[in-house]
Amino acid sequence: MGKWFTKYFLEKGFEVIGYDSEKEILNKAVTKAQSLVGAILPADYVILCIPVKRTPETIRLIAKEMKRESYLIDVSSLKLKTAAALSKIPDKVSPVCIHPMFGPGTKKLKGQNIISIPIRDAKKELLVAKSLFPEANFVQIDATEHDKKIAIILGMTHLVNLTLANILAKEENFTLVEKMAGTTFKAQKLLTAGIMTESPELIETIISNPEIRRYAEEFWKDIGRMLILIQENRTEEILKYVGSAKERLAKNVDMDDAYKKLVSMVNSVEK
């Protein structure tokens, strides 16, 4: 994401200073700092694109060194601990806590969602974020609720696809599986493979969200229940479960439209 933000802000006419403790910065348009503190000292906006687990400590480390009236921007995928760290930074620095709901492969910002988490001044922080990313759609929510919703949006999708990836990886004749595949599997394979391009550290962080536990336990119980119903040929109960899930989902999702978009997505990829 650091590369994505670099490209984005360079195109917007900003001067970008970069620092990476692990990899060489190859973009010649970036002013390369020799140290973390050296990178943040002259900056008006500091964007942390680092592992979530290192974010709170890094916030505490750099905030006191940043110049007056600058902005410290966190973009991590879990917010409870980072929001707490941001709330304690010196008054001379303004916190901006956001979660871009898109990955580094995104070409255009228009229509993409960014979540804003209030720290001190919700209105001001949202205005700053919107000024930097004017084409994005914004949703504002507190840190606790953010992590609960992210447990569904990212946590469960990553957990389910991680286990599915492990099953597919052990399939001895995957070529035959692909030859036999229909629309549903083709779409699911794309999602599973796409998630697995992410770093192991990011995936571990996402599925380690404490809020994921209750959803994962419900998922595990439902799988166990389905297996028992299947084994015991309890067809009516399976049909009732499927019908109930479909009816409740249909209250929020246009099912026919979703299927059309699924087919359209697979067809566009295969062209």
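Heads up: numbering here begins at 1 and tracks the sequence. Since this is a predicted model, take the numbers as computed values, not measurements.
A continuous path of hydrophobic side-chain contacts links Trp4 to Ile73 [ILVMFWY only; heavy atoms under 4.5 Å].
No more than 12 heavy atoms of other residues, nucleotides or ligands sit less than 6.0 Å from atom CD of Gln231. Environment of NZ in Lys92: crowded, with over 12 heavy atoms of neighbouring residues, nucleotides or ligands closer than 6.0 Å. More than 12 non-hydrogen atoms from other residues, nucleotides or ligands lie less than 6.0 angstrom from CG of Asp257. The environment of Tyr259 atom OH is sparse: at most 12 non-hydrogen atoms of other residues, nucleotides or ligands sit within 6.0 angstrom. When the shell of 6.0 Å around CZ of Arg60 is examined, it contains more than 12 heavy atoms from other residues, nucleotides or ligands.
Residues Asp91 and Arg120 are in side-chain contact: their nearest non-hydrogen atoms beyond the backbone lie under 4.5 Å apart. Looking only at side-chain heavy atoms (C-beta outward), Leu159 and Phe219 stay at 4.5 Å or farther from each other. When side chains are defined from C-beta on, Val52 does not count as touching Lys81, because their heavy atoms never get closer than 4.5 Å. With contacts defined as side-chain heavy-atom distances shorter than 4.5 Å, the pair Leu249/Met255 qualifies. Between Val93 and Arg68, the closest side-chain pair of non-hydrogen atoms is not below 4.5 Å. With a 4.5 Å cut-off on side-chain heavy atoms, Thr58 and Leu48 count as touching. In this structure the side chain of Gln112 never reaches within 4.5 angstrom of the side chain of Pro100, judged on heavy atoms. Here the side chains of Lys7 and Glu11 are in contact, with some heavy-atom distance below 4.5 Å.
The structure places CD1 of Ile59 at 13.0 Å from CZ of Arg54, a figure rounded to the nearest 0.5 Å. For the atom pair CG (Leu202) and OG1 (Thr197), the distance works out to 9.5 Å, reported to the nearest 0.5 Å. In this structure, the separation between CD1 on Ile119 and OG on Ser94 is 11.5 Å, given to the nearest 0.5 Å. Once rounded to the nearest 0.5 Å, the distance linking CG of Leu78 with OG1 of Thr55 reads 9.5 Å. In this structure, CD1 on Ile150 lies 8.5 Å from CG on Asn209, to the nearest 0.5 angstrom. Distance check: Lys12 NZ to Leu10 CG gives 12.5 Å after rounding to the nearest 0.5 Å.
Side-chain atoms of Lys53 and Thr205 include no donor-acceptor pair closer than 3.5 Å. A donor-acceptor contact closer than 3.5 angstrom links the side chains of Thr192 and Asn161.
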Evaluate Asp20 against Lys32 for salt bridge (Lys or Arg N to Asp or Glu O under 4.0 Å), listing each step before the verdict. CA-CA 9 Å; Asp20 193 321; Lys32 300 170 185 62; over 6 Å; no
Glu237 vs Lys240, salt bridge (Lys or Arg N to Asp or Glu O under 4.0 Å): CA-CA, chis, key distance, verdict: CA-CA 5 Å; Glu237 291 182 57; Lys240 184 178 179 180; over 6 Å; no
Does the ring pair (Phe, Tyr, Trp, His ring centres under 6.0 Å) test come out yes or no for Phe133 and Tyr8, once each step is laid out? CA-CA 9 Å; Phe133 309 102; Tyr8 174 82; 5.3 Å; yes
Please evaluate residues Lys67 and Asp44 with respect to the criterion salt bridge (Lys or Arg N to Asp or Glu O under 4.0 Å), reporting the C-alpha separation (whole Å), side-chain torsions for both, the decisive distance (0.1 Å), and the verdict. CA-CA 8 Å; Lys67 70 179 186 180; Asp44 295 311; 2.8 Å; yes
Full working for salt bridge (Lys or Arg N to Asp or Glu O under 4.0 Å) between Lys149 and Glu211: CA-CA 8 Å; Lys149 295 295 183 286; Glu211 297 294 341; over 6 Å; no
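Using a cutoff of 4.0 Å between basic side-chain nitrogens and carboxylate oxygens, Lys221 and Glu217 are not scored as salt-bridged.
The shortest heavy-atom contact between Ala136 and Phe138 is O-CD1, 3.8 Å.
The aromatic rings of Tyr71 and Tyr45 sit parallel, their planes meeting at an angle under 30°, below the 60° perpendicular limit.
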